[in-house]
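Below is one structure, written out as structure tokens; comments come after it.
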Amino acid sequence: MASSSNQKQPFKRRPGRRRLPPLAQGPAFQFVVASHPDEFKDGETMRNVRSHVMYKHREQRESSPRDSIRSREGSSVTVSTTCTPSPMATNTNGMLDDTYLAPTPARHHGTVWSQDTYRFDTPSPSESPTRALAARILSATTTATARSAPPMFREPSEYTFPARNVSEHQSLEDLKCDWIHNTAFFCHDSSWMQYICDNRLSFLSHVYATLVYQDLGEGLLHDSDLTAYAKTTIMRSISDRLDTDDVTIISILHLLISEIGGLDEDVFNVHQDGLATCMRNLRGGILSQNVSKFMTLVMLTFAISRGQDESLELTPRRSSPVLPDDGIPISPLSAPIEDMSRLYGHCSTRTMELTGDMQRCTSIFLARWSHTGTAESTLSGQLATCDAQLQQTYIRLLSLPSTEDDLSPNWIYESCRLAALIYCRSIIHGAAFADSAATMHARNAGPNTESSTLLAALYEALNKTDTQGCWGTPLRGIFLWVCLVGSAASWSSARPSNDDEETSQASAWMRKCFALYAVRAAVSVPFELADATIHALRTMLQVRRGMAAKKGLEEIGQ
């Protein structure tokens, strides 16, 4: 006979409780968005989450293991008949081995990976070691996350990468070392790279930003499949964090770098708003010095490219930055330097002379328009002298020969010459960079002369140089100036309303190339030289403000 303690007790309904009707099944992925952590505890929000989890749990229980195995086998057969696997791309478990071929060259207009799984055995436009290493890192980090997950979540079908022993090939620490020693993206300071790679989120965001540059180098306007998958992983990781710290700031900056110049500026604006929110949530907290410099370099480059003013919130200012006596990158945005011996052997004499002319042009123009509010009667003679000097510089620039038709064209000089034509014309006439870049330019001499815009000619000349190496350390400042001119000139013509899709995508491609080249040149300097680069970027903003002031006065005079 059962004891009284085991007798079934009568069920008592909780007083005042009323069962609500069941919610309809939602999409496969649902995201909870809140502006404060307390909003996640809202009753309706928690009910939606519980409902979504129970629908998912019920679907898993209804499908038997045999059905799931059959579906996986059927899926693998289908894929093997529609694409050509790369040799040694995967092992018997479907995991990545030593060779990875990047995704198909199809242009994806979406920027987020929307599928549950990602296959690594699809055809690729190139056999890139960078892609191979990035794929192994993504695989290793996902596997490590899977191991740390609670047992109830350890269903193999729940993971993008099937479970495996990471030590079969390389540990995550070994992969980090390989990444630091082999990647060329921002890898200018070993301690900075070690700091980036010590945290999973900043490490993966750096991998993602590198893949964006890899796509650019392979001619992909939109994210490849691997890049889109890496981006989705980063965005999910950031959405799971409630911390506002250096790592989060770095990761959002990498997302912004990846979106600069894209067809959809709304995505960029969302990330920028998120960065501004993070800065406000610091609540008196201070970023580390290197992170602060990194953010200032990136955001100033964005401001110049997009034709915006400097954001004091996103470009922290030091009280009195001390510029180094030597090692300052020489460029048209640095102070006039008579001795350019550091450039000897790295560029032609014409390039050095052209750089000196543009330095003096910048200095004269800023001196001319720093007296805008002063009485013109006391400075009329000085202002007239400045204007005459600028005119003489522009006339001399127009007479410079092109090397395009030479047996061995000097494309560095040609890039500087074309950028100078855009830069100097805008200074003389107070015109926007986009307007100056839209002027026609004769590309070839002879009876069959072809014409294009200055912007298109600049893009073609620049891409015949070593853009990945930014022309080397001695010429990095000049390369940055050329890219800033091209980026600012290409932005206003970003979305031509009357052009066809092909022309629109060509404009977007030039805009993205110039902007990403400029970002790489700006941040690929040692941090002890970052203040000099920041000073050059702010000088470019001063030039643009002077151009706007000149144009405004001329419109008032008319």
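Predicted model, so just to flag it, every value in this text is computed and none were measured.
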* Would you find a donor on one side and an acceptor on the other, under 3.5 Å apart, between the side chain of Ser524 and the backbone of Ala521? -> no
* **Contacts of Asn463 that satisfy side chain to side chain contact (heavy atoms under 4.5 Å, CB included) - sequence neighbours left out** => Tyr459, Tyr517
* Asked: Is atom CD of Gln308 surrounded by more than 12 heavy atoms (other residues, nucleotides or ligands) closer than 6.0 Å?
  -> yes
* **Ser292 backbone acceptor or donor facing Thr296 side chain under 3.5 Å** => yes
* Evaluate side chain to side chain donor-acceptor pair (under 3.5 Å) for Ser205 paired with Ser202, printing each intermediate quantity in order. => CA-CA 5 Å; Ser205 68; Ser202 58; 5.6 Å; no
* Asked: Between OG1 of Thr355 and CG of Leu333, what distance do you get to the nearest 0.5 Å?
  -> 10.5 Å
* What distance separates Leu397 CG from Ile428 CD1, expressed to the nearest 0.5 Å? -> 10.0 Å
* Can you tell me if Thr227 and Tyr208 form a side-chain donor-acceptor pair at under 3.5 Å? -> no
* By salt bridge (charged side-chain N to carboxylate O under 4.0 Å, His left out) - contacts of Glu313 (at least two apart) -> Arg280
* Looking only at atom types and distance, does a side-chain atom of Ser305 sit under 3.5 Å from a main-chain N or O of Phe302, one as donor and one as acceptor? -> no
* Structure fact -> Those residues at least two apart in sequence (or on a different chain) that pass ring-ring contact (aromatic ring centres under 6.0 Å, His included) with Phe433 are none
* Any chance you could lay out the side-chain contact (heavy atoms from CB on, under 4.5 Å) test for Thr210 and Gln214, step after step, and finish with the verdict? => CA-CA 6 Å; Thr210 304; Gln214 183 67 30; 5.7 Å; no
* Asked: Salt bridge check: are Asp387 and Lys550 linked by an N-O gap of less than 4.0 Å?
  -> no
* **Side-chain (Lys512) to main-chain (Ile260) donor-acceptor, under 3.5 angstrom** => no
* Please list, chain by chain and in numerical order, all residues satisfying salt bridge (charged side-chain N to carboxylate O under 4.0 Å, His left out) with Arg538, sequence neighbours excluded. => Glu310
* To do: Check whether the ring centres of Phe527 and Phe294 lie less than 6.0 Å apart, and answer yes or no.
  => no
* Structure fact -> Contacts of Ala438 meeting side chain to side chain contact (heavy atoms under 4.5 Å, CB included) (sequence neighbours excluded), chain-then-number -> none
* Can you list the residues that meet the ring-ring contact (aromatic ring centres under 6.0 Å, His included) rule with Tyr394, with sequence neighbours excluded? -> none
* Ala522 versus Leu297, closest heavy-atom pair with distance -> O-CD1, 3.6 Å
* Asked: Listed by chain and number, what are the ring-ring contact (aromatic ring centres under 6.0 Å, His included) partners of Trp411, not counting sequence neighbours?
  -> none
* To do: Can you see which heavy atom on Pro332 is nearest to which on Trp481, and at what distance?
  => CG-CD2, 3.4 Å
* Asked: Taking only residues two or more places apart in sequence, or in another chain, which ones meet Arg417 in a salt bridge (charged side-chain N to carboxylate O under 4.0 Å, His left out)?
  -> Glu414
* Pairs satisfying salt bridge (charged side-chain N to carboxylate O under 4.0 Å, His left out), at least one member in residues 345-364, at least two apart -> Asp357-Arg360, Asp357-Arg396
* To do: Walk me through it: do Met547 and His429 pass the test side-chain contact (heavy atoms from CB on, under 4.5 Å)?
  => CA-CA 8 Å; Met547 289 161 45; His429 298 289; over 6 Å; no
* Asked: Would Trp179 and His206 count as having a side-chain donor-acceptor pair, cut-off 3.5 Å?
  -> yes
* Would you check, one step at a time, whether the test side-chain contact (heavy atoms from CB on, under 4.5 Å) holds for Ile364 with Thr385? => CA-CA 10 Å; Ile364 294 171; Thr385 301; over 6 Å; no
* **Worked verdict on Asp215 versus Arg131 for side-chain contact (heavy atoms from CB on, under 4.5 Å)** => CA-CA 10 Å; Asp215 290 345; Arg131 290 192 186 278; 2.5 Å; yes
* To do: Sequence neighbours left out, what passes salt bridge (charged side-chain N to carboxylate O under 4.0 Å, His left out) with Arg545? Give chain and number order.
  => none
* To do: Give a yes or no on whether the backbone of Ile478 and the side-chain of Ser331 come within a donor-acceptor separation of less than 3.5 Å.
  => no
* Side-chain donor-acceptor pair present, Arg425, Ser436, cut-off under 3.5 Å -> yes
* To do: Mind checking side chain to side chain contact (heavy atoms under 4.5 Å, CB included) for Thr473 and listing every partner two or more places apart, or none if nothing turns up?
  => Arg476
* To do: Flag the pair Lys464 and Glu404 as a salt bridge only when some basic side-chain nitrogen lies within less than 4.0 angstrom of an acidic carboxylate oxygen.
  => no
* Asked: Can you check whether Asp406's main-chain N or O pairs, donor with acceptor, with Thr403's side chain at less than 3.5 Å?
  -> no
* Asked: Are any of the side-chain heavy atoms of Thr465 and Leu462 separated by less than 4.5 Å?
  -> yes
* Asked: Taking the side chain from Ser237 and the backbone from Thr233, do they hold a donor-acceptor pair closer than 3.5 Å?
  -> yes
* Contacts of type ring-ring contact (aromatic ring centres under 6.0 Å, His included), residue Phe514, not counting sequence neighbours -> none
